[in-house]
Amino acid sequence: MSNQPVDQSRRTWVTIACVTGGAGGVAAAVPFALTFQPSEKARAAGAAVEADISTLKEGEMLTVEWRGKPVWIIKRTPAQLAELEKIGGELADPDSLRKPDELTPKYAQNHHRSIKPEILVTVGICTHLGCSPTAKFQAGAQPSLPETWPGGFLCPCHGSTFDMAGRVFKNKPAPDNLEVPPHMYLSDTKILIGEDKQA
């Protein structure tokens, strides 16, 4: 072991340099680490969305955006609801059993695919190639639709048709029913889309 005297001045400067370097390293690392957290925009894109349906009349549809997707909220008429029970034999998956956990929450696994029979909440994206179907609520013969059309949705891209519960008709390109997103009622007139903890 060396018996040479310790240069206190040099030791002080080495200590200061180490502390300063360490602080600088932490200062540089913190912003870098924060870049791995989702941005405010990304957090908002996945956040639940509140929809006010107080002015929604029978036969009308409201569209809101959730996670970059159009979500349709439709107030069905008594006639449209009655039709849902008559057309089960014409549908590819009338009871929404093909992908129940992925496309239809348990509280919507019924013939009207909703919590409240009159209100349908569904993602407006065709399950075939991701096009957006158009609303064809009026029953009866129309271009590209059969004479017995009960009302629902038509995807103009490849002709897939869905009833007023978003259930796909047989022998159409779309393999599945329209998705019912997680949702719950905050009140009689407010729906929270993206969360269903109370459902």
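Residue indices begin at 1 and follow the sequence shown.
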- side chain to side chain contact (heavy atoms under 4.5 Å, CB included) partners for Ser144, two or more places apart: Leu154
- Glu90 side chain to Ile87 backbone, donor-acceptor under 3.5 Å: no
- Message: Give me the atom names and distance for the closest heavy-atom approach of Gly194 to Trp66.
- Response: CA-NE1, 3.5 Å
- Task: Is it possible for you to say whether Ile53 and Ile74 belong to one hydrophobic cluster, with membership spreading through side-chain heavy-atom contacts below 4.5 Å?
- Result: no
- Note on the structure: Taken in chain and number order and not counting sequence neighbours, the residues that satisfy side-chain hydrogen bond (donor to acceptor under 3.5 Å, both in side chains) with Asp93 are none
- Message: Looking at every heavy atom in both Met184 and Lys197, which two are closest together, and how far apart are they?
- Response: SD-N, 3.6 Å
- Query: After noting the C-alpha distance and the side-chain angles of Asn177 and Leu103, does the key distance pass the side-chain contact (heavy atoms from CB on, under 4.5 Å) rule?
  - Reply: CA-CA 8 Å; Asn177 296 337; Leu103 297 175; 5.6 Å; no
- Query: Quick one: side chain to side chain contact (heavy atoms under 4.5 Å, CB included) partners of Ala108, sequence neighbours excluded?
  - Reply: Thr104, Pro105, Val180
- By side-chain hydrogen bond (donor to acceptor under 3.5 Å, both in side chains), which residues pair with Ser54, not counting sequence neighbours? Asp52
- Where do Leu186 and Glu50 land on the side-chain contact (heavy atoms from CB on, under 4.5 Å) test, with the steps shown first? CA-CA 9 Å; Leu186 300 175; Glu50 196 173 303; 3.5 Å; yes
- Message: Suppose we screen for side-chain hydrogen bond (donor to acceptor under 3.5 Å, both in side chains). Which residues come up paired with Asn110, at least two apart in sequence or across chains?
- Response: His112
- Message: Do Leu129 and Cys157 make a side-chain contact, defined as non-hydrogen atoms from C-beta onward lying under 4.5 Å apart?
- Response: no
- Query: Would a 4.5 Å heavy-atom cut-off, applied to side chains only, mark Lys106 and Gln109 as touching?
  - Reply: yes
- In sequence, state the C-alpha distance, the side-chain angles, and the governing distance for Glu83 and Met164, and then conclude on side-chain contact (heavy atoms from CB on, under 4.5 Å). CA-CA 9 Å; Glu83 201 65 38; Met164 288 298 297; over 6 Å; no
- Message: Can you confirm whether Lys190 sits close enough to Tyr185 that some side-chain heavy atom of one is under 4.5 Å from a side-chain heavy atom of the other?
- Response: no
- Ile115, Val121: one ILVMFWY side-chain cluster at the under-4.5 Å cut-off? yes
- Item | N/O donor-acceptor pair under 3.5 Å between Tyr107 side chain and Asp196 backbone | no
- Check side chain to side chain contact (heavy atoms under 4.5 Å, CB included) between Thr148 and all other residues, then give those that pass, not counting sequence neighbours. Pro146
- Message: Check for me, please, whether Trp149 and Leu178 land in the same ILVMFWY cluster - side-chain distances under 4.5 Å, paths through other members count.
- Response: no
- Task: Identify the heavy atoms of Gln142 and Gln138 that sit nearest to each other, and give their distance.
- Result: NE2-O, 2.6 Å
- Message: Quick check: closest heavy atoms across Phe162 and Cys126, and the distance to 0.1 Å?
- Response: CZ-SG, 3.9 Å
- Close side-chain approach of Val168 and Leu91, heavy atoms under 4.5 Å: no
- Provide the full list of salt bridge (Lys or Arg N to Asp or Glu O under 4.0 Å) pairs with a residue in residues 113-138, sequence neighbours left out, each pair given once. Lys116-Asp188
- Message: Is any side-chain heavy atom of Ile73 closer than 4.5 Å to one of Ile191?
- Response: yes
- Task: Check whether any side-chain heavy atom of Glu85 lies under 4.5 Å from a side-chain heavy atom of His111, and answer yes or no.
- Result: yes
- Is the shortest heavy-atom distance from the side chain of Pro70 to the side chain of Ile125 under 4.5 Å? yes
- Within-4.5 Å side-chain heavy-atom neighbours: Trp72 and Leu120: no
- Item | Sequence neighbours excluded - salt bridge (Lys or Arg N to Asp or Glu O under 4.0 Å) pairs with any residue from residues 149-176 | Lys99-Asp176, Asp163-Arg167
- Message: If I compare all heavy atoms of Pro156 with all of Pro133, which pair ends up nearest, and what's the gap?
- Response: CD-CA, 4.3 Å
Side-chain donor-acceptor contacts of residues 56-65 below 3.5 Å, not counting sequence neighbours, with atom names and distances?
residue, atom, partner, partner atom, Å
Glu60, OE1, Lys57, N, 3.0

- Message: Going by ring-ring contact (aromatic ring centres under 6.0 Å, His included), name the pairs with one or both residues in residues 122-148, residues two or more places apart or in two chains.
- Response: His128-His158, Phe137-Phe153
